[in-house]
Amino acid sequence: MRSDGILGNREERGRKWLRRRERWLVALGVVLHAVYMLSIFDIYFKTPIVHGVDPVTPRFAAPAKRLVLLVADGLRADKFFELDAEGNNRAPFLRGIIERQGRWGVSHARPPTESRPGHVSIIAGFYEDPSAVTKGWKANPVEFDSVFNRSRHTISFGSPDIVPIFCSALEHSTWDTYPHEFEDFATDASFLDMWSLDKFQSLLNSSREDPKLKELLQQDNLVVFLHLLGCDSNGHAHKPYSSIYLNNVKVVDHVAESVYNLVQDYFKDNRTAYIFTADHGMSDKGSHGDGHPSNTDTPLVAWGAGVKYPKPISSSNHSDCGFKFVDDHVHDAPTPVEWGLHDIERVDVNQADIAPLMSTLLGLPCPVNSVGSLPLDYINMTKADEVEAVLSNTKEILNQFLRKSYMKQSNSLYFKPFKPLSHYSSTLDKIEGLISARDYEAAMDLSQNLRSLALQGLHYFQTYDWLMLMSVITLGYVGWMIYLLLHVLQSYTSLPGNSFGMEPTVQKNYRGKIYLYGSILTGMLCLLLLLEQSPPLYHAYMITTSFLWVQIISEYKFIKTLWKQVSRRRMNYIIKLLATIAISVFILEFLVNSFTERKLYTWCFLIAGATASVYLFKSIPWRSGIPIYVCIACWFLSLFTLMPAEIPDNNELVVCSGIIIIIIAIIARWLDYHAGVRKYWQSICNCKSKSSNFSSLFYLQALLVGLSSVMVYLSTVHRAEKQELLASHQLINWSVAGFSMVLPLFSENSLLSRLTSMFLGFAPPFLLLSIGYEAIFYAALALVLMAWILFENTLLNLNIVNKSSDSTNDLIHGSDYRSLQLSDARIPLVFMVLFNVAFFGTGNFASIASFEISSVYRFITIFSPFLMAALLIFKLFIPFMLVICVFSAITKLNQVPRMGCYFLVILFSDMMTIHFFFLVRNKGSWMEIGNSISHFGIMSAQVVFVLLLFALTNTYTKDIQCNSAVPSTRKAN
């Protein structure tokens with residue numbers, strides 16, 4: 001009796017210790033993932049803008065007194081340059097400028113090819129500030145310099161989305177915008193371009209009667225900026241090959257001609273320079289944002305004061321230098337024949353090069369944040385002035401480099417300089433000497449080389465902390481995974497060394513010393529970061545990573561014991577261990593790639609269905625239809641990831657899905673009551689209780705599924721005819737959806753009975769929220785989940801799981817669960833595949849399908865964003881909940897600890913998280929950047945997301961009972 005009491009007390013202490021440790025690990029996981037998720041903003045999304053840079057005053061006379069900048073938003077280069085079907089020019093005025101008066105080329109934009117970053121690049125000379133991702137690319141997270149800032153006065157008219165970015169805080173500016181309501185996609189938007197022209201003409205007319213305005217216009221360093229939005233709006237609404245868009249090109253040309261004539265007539269001094277370009281192009285689909293040539297190639301035409309005249313093309317002025325533009329297009333690309341410009345020299349530039357071009361034409365300092373290189377082929381200056389202009393451009397970029405270098409050096413205890421520019425001052429002296437000696441060619445070469453090195457130096461300091469931060473974060477993730485694995489091995493396996501919190505005094509003293517040394521080391525690292533004035537989050541990364549590795553080192557003795565156990569095993573066990581690791585890594589890499597290519601799941605389930613069927617055929621000694629069923633279920637589900645993510649409306653398909661769901665439930669019900677007489681089905685079937693109450697519940701649930709199918713038809717048809725949702729229909733839909741989800745709580749608690757009841761319980765709300773094939777996906781997913789249960793049940797009865805070890809049936813201290821085995825890794829791996837299929841089967845959170853607003857019209861039609869969002873998210877959660885319910889049931893069937901499997905799921909998820917961490921992008925389209933962040937965020941959030949769903953589904957699964965075939969050894973113990 002006494003010994004029993006001591007044993008019982010020990011088991012109770014073991015249970016409490018394990019629960020505390022599980023809660024502690026979950027809390028640690030939440031904090032760790034929240035901290036590490038923020039790291040991408042310190043690594044990938046730091047602003048390149050540096051303050052405190054001095055402008056470089058040019059040492060040459062300004063070629064122009066004023067500059068006119070015309071930006072045709074969304075104008076594609078090919079649609080502007082090419083001839084129309086009749087061989088005529090779409091832009092006859094600007095074509096005449098190209099042929100007789102100025103220079104032309106293609107301006108290459110860098111993704112994201114959107115209006116804000118495009119205009120920032122043109123006017124300020126640098127590419128999109130990646131820290132703008134935190135502001136949705138709309139606001140200016142950091143103030144920056146621009147050509148407008150450096151001008152004496154800026155006049156600007158155009159879109160309310162663009163003009164205020166540069167002029168709202170600029171005192172020396174005159175600007176106006178049209179109302180947002182003018183931007184109507186249902187109309188021909190070319191009138192917006194005429195609005196800008198009319199405002200400029202009105203200003204010039206007003207100056208004739210306003211002496212102050214006239215005096216202002218007569219000053220030098222004047223900039224006129226007209227933003228022409230017509231092509232962008234018409235491209236979105238009508239596509240860039242439409243007659244409306246192509247006609248808008250003619251409107252833009254008319255605006256350019258009118259502005260030119262107005263300015264020439266008003267000033268009459270030929271001291272005006274003109275720049276015509278676009279911020280981005282337009283894809284054939286009427287969109288923009290990515291790096292396709294239709295989006296990155298924009299026209300550039302320059303003429304007027306300080307600009308060279310056209311030059312015939314020749315082999316001497318075209319050579320392949322291997323240079324590539326920011327959109328990765330090669331230098332000196334051949335001009336398309338359709339453009340009809342093959343005999344005139346084309347000078348392509350990077351979009352950011354336009355800012356130093358404008359500054360040079362006006363004799364202004366380049367914007368202090370500009371990274372553009374002055375395109376010499378556009379400016380008409382003497383050799384001496386050309387060298388001075390390039391040197392001014394070089395010094396401005398060099399000053400940014402020096403400022404970044406100084407800021408980093410002043411805060412670094414161990415500073416690593418950019419060695420190629422360690423002797424920059426002597427290079428500058430040498431350039432000055434060459435200019436004095438009038439060796440302009442050599443001075444030009446040295447200046448351009450120094451500029452190139454300064455740009456490399458800017459990139460060096462922009463990524464200066466990357467190695468340290470990425471190393472710390474990667475070590476943190478690896479440490480967390482090792483710590484998690486050690487916990488699983490200690491708490492849920494039969495390996496020796498598991499003391500369940502009851503350690504000898506010597507072990508506790510050893511841990512105490514490790515913690516002390518670890519605390520001292522962490523304190524020293526944080527002090528180092530403090531002396532370097534590092535941001536607070538750097539300390540959080542370092543503390544979290546150090547803490548994890550201290551915890552791992554404190555388990556040194558267990559790790560040593562574990563190593564001895566593994567080394568003593570036979571070679572076939574080592575091979576099995578390595579094979580399990582290899583298969584796990586392969587599946588996880590497959591899941592990573594499935595985030596960008598959902599069709600991979602088609603191959604996955606085709607192969608999985610065939611492989612599982614062959615395996616079961618060879619393993620099952622009796623005749624069975626299970627292998628055929630598993631194969632058919634997997635192959636059926638494989639079809640859905642071939643279907644479009646944008647789900648087309650199909651009311652009849654949703655109604656038919658309700659009938660299919662009822663048929664599946666009837667078959668499952670029949671199996672539950674009739675297959676249970678066979679001993680191999682007894683662990684999942686109900687072979688005892690056959691209460692009439694439970695039968696009535698089943699019929700009621702089937703009736704509710706049928707009623708929801710009828711309501712899908714009635715609600716949709718009536719709304720289509722009357723454009724409204726009847727209050728009676730709305731009440732029935734809400735009642736059916738809510739009531740049906742409560743009923744599974746009152747069903748039988750055998751495994752198959754409860755899961756069938758949950759399948760029927762979640763079906764009505766899912767059907768009522770469905771618009772097309774996703775309703776059938778629900779049934780297909782349930783069939784595969786049933787196949788998983790049958791597969792696991794077959795393995796259990798064949799005793800495959802437990803045949804490899806004598807200690808297989810050892811129970812975990814204080815529980816009715818057996819210890820985890822190596823082969824049990826398949827359970828969390830299969831769960832992750834099915835969990836992701838539930839995610840991508842009918843789209844994903846980023847797809848149009850997942851947020852198709854018409855999905856909620858059977859519940860609500862009056863706009864209510866929070867309620868609509870809640871309904872849409874709930875619809876997405878239903879397949880997840882079904883997967884987690886089956887996962888919980890399988891852990892009970894196999895008598896394995898669910899929390900142990902949960903921690904393995906988190907372990908595998910974090911292997912994917914590390915991969916996504918290195919796939920985060922700060923270049924590319926908004927969609928590419930956003931998707932890379934969301935993929936990393938989704939995997940990081942799974943530690944909380946899966947746990948919350950476990951808590952929700954536990955209400956349904958906690959009392960499931962399985963007549964497990966695994967013999968218990970508690971009595972023996």
With a 4.5 Å limit on heavy-atom distance, are the side chains of [X] and [Y] in contact?
X: P63; Y: D385; answer: no
X: L83; Y: N89; answer: yes
X: S107; Y: V349; answer: yes
X: R110; Y: S121; answer: no
X: Y178; Y: P160; answer: yes
X: V224; Y: T272; answer: no
X: L222; Y: R152; answer: no
X: L246; Y: Y241; answer: no

From [X] [atom1] over to [Y] [atom2], what is the distance, rounded to the nearest 0.5 angstrom?
X: I933; Y: Y44; atom1: CD1; atom2: OH; answer: 11.0 Å
X: K214; Y: E209; atom1: NZ; atom2: CD; answer: 11.0 Å
X: Y378; Y: I275; atom1: OH; atom2: CD1; answer: 8.0 Å
X: D353; Y: S370; atom1: CG; atom2: OG; answer: 8.0 Å
X: L262; Y: E257; atom1: CG; atom2: CD; answer: 10.5 Å
X: N399; Y: C366; atom1: CG; atom2: SG; answer: 11.0 Å

With sequence neighbours excluded, residues passing side chain to side chain contact (heavy atoms under 4.5 Å, CB included) with P179: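 Scan of P179 (side chain to side chain contact (heavy atoms under 4.5 Å, CB included), adjacent residues dropped) gives E181, F182.
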Applying side chain to side chain contact (heavy atoms under 4.5 Å, CB included), can you list everything that pairs with P336, at least two apart in sequence or on another chain?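 Partners of P336 under the side chain to side chain contact (heavy atoms under 4.5 Å, CB included) test: E338, W339, R346.
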Identify, with sequence neighbours excluded, every residue that meets side-chain hydrogen bond (donor to acceptor under 3.5 Å, both in side chains) alongside [X].
X: N393; value: R451
X: D265; value: none
X: Q264; value: N270, Y274

Apply side-chain contact (heavy atoms from CB on, under 4.5 Å) to the pair N350 and Y127, showing each step before the final yes or no. CA-CA 10 Å; N350 285 320; Y127 299 103; 3.2 Å; yes
Closest non-hydrogen atom pair, [X] against [Y]:
X: A72; Y: F276; value: CB-CZ, 4.1 Å
X: I122; Y: M358; value: O-CE, 3.4 Å
X: K239; Y: Y245; value: O-CB, 3.5 Å
X: D279; Y: T298; value: C-CG2, 4.2 Å
X: E183; Y: D161; value: OE1-OD2, 3.5 Å
X: P367; Y: A124; value: CB-O, 3.5 Å

With ring-ring contact (aromatic ring centres under 6.0 Å, His included) as the rule and sequence neighbours excluded, what pairs involving residues 87-106 come up?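 Output for this query lists F81-W104, F93-Y260.
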Do the charged groups of D284 and R76 touch, with an N to O distance under 4.0 Å? yes
Might you confirm whether atom NZ of K250 has over 12 heavy atoms from other residues, nucleotides or ligands at distances under 6.0 Å?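 Count not over threshold, so no.
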Donor-acceptor pair between S207 and Y266 side chains, under 3.5 angstrom: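 Yes.
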Between the side chains of E215 and Q219, is a donor N or O closer than 3.5 angstrom to an acceptor N or O? no
I'd like to know if the side chain of [X] and the backbone of [Y] have a donor-acceptor N/O pair within less than 3.5 Å.
X: D193; Y: L229; value: yes
X: T277; Y: P299; value: yes
X: D348; Y: V106; value: yes
X: T177; Y: S159; value: no
X: N295; Y: G291; value: no
X: S190; Y: V251; value: no
X: D210; Y: K212; value: yes
X: Q351; Y: T296; value: no
X: D253; Y: L94; value: yes

Filter on side chain to side chain donor-acceptor pair (under 3.5 Å), then keep only pairs touching residues 354-363, sequence neighbours left out; what's left?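 Matches after skipping sequence neighbours: none remain.
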Derivation of the side-chain contact (heavy atoms from CB on, under 4.5 Å) call for D188 and N234: CA-CA 7 Å; D188 182 351; N234 284 327; 3.1 Å; yes
Quick check on side-chain contact (heavy atoms from CB on, under 4.5 Å): which of V255, N248, V249 does V252 satisfy it with?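 So the option named by the test is N248.
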Contacts of R103 that satisfy salt bridge (Lys or Arg N to Asp or Glu O under 4.0 Å) - sequence neighbours left out: E345
Name every donor-acceptor pair, under 3.5 Å, that has one atom in a side chain of residues 194-203 and the other anywhere in the protein, sequence neighbours excluded.
{"residue": "S196", "atom": "OG", "partner": "H227", "partner atom": "O", "Å": "3.2"}
{"residue": "K199", "atom": "NZ", "partner": "D176", "partner atom": "OD2", "Å": "3.0"}

Identify all side-chain donor-acceptor contacts of residues 162-172 below 3.5 Å with residues at least two apart in sequence or on another chain.
{"residue": "S168", "atom": "OG", "partner": "P164", "partner atom": "O", "Å": "2.6"}
{"residue": "H172", "atom": "NE2", "partner": "F148", "partner atom": "O", "Å": "3.1"}
{"residue": "H172", "atom": "NE2", "partner": "N149", "partner atom": "O", "Å": "3.3"}
{"residue": "H172", "atom": "NE2", "partner": "S151", "partner atom": "O", "Å": "3.1"}

Of the options H288, H108, H236, which is the one that meets H280 in a ring pair (Phe, Tyr, Trp, His ring centres under 6.0 Å)? H288
Assess the residue pair M282 and D232 against the criterion (side-chain contact (heavy atoms from CB on, under 4.5 Å)); give the C-alpha distance rounded to whole Å, side-chain angles, the decisive distance to 0.1 Å, and a yes or no. CA-CA 8 Å; M282 183 73 62; D232 186 72; 3.7 Å; yes
Residue pairs fulfilling salt bridge (charged side-chain N to carboxylate O under 4.0 Å, His left out) with at least one residue in residues 80-102, sequence neighbours excluded: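 Of all non-adjacent pairs touching residues 80-102, those that pass salt bridge (charged side-chain N to carboxylate O under 4.0 Å, His left out) are K79-E82, E82-R90.
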What residue pairs, at least two apart or across chains, pass salt bridge (charged side-chain N to carboxylate O under 4.0 Å, His left out) with a residue in residues 56-74? R59-E388, R59-E432, R66-D269
From CA spacing to verdict: side-chain contact (heavy atoms from CB on, under 4.5 Å), I155, L217: CA-CA 9 Å; I155 296 167; L217 291 173; 3.3 Å; yes
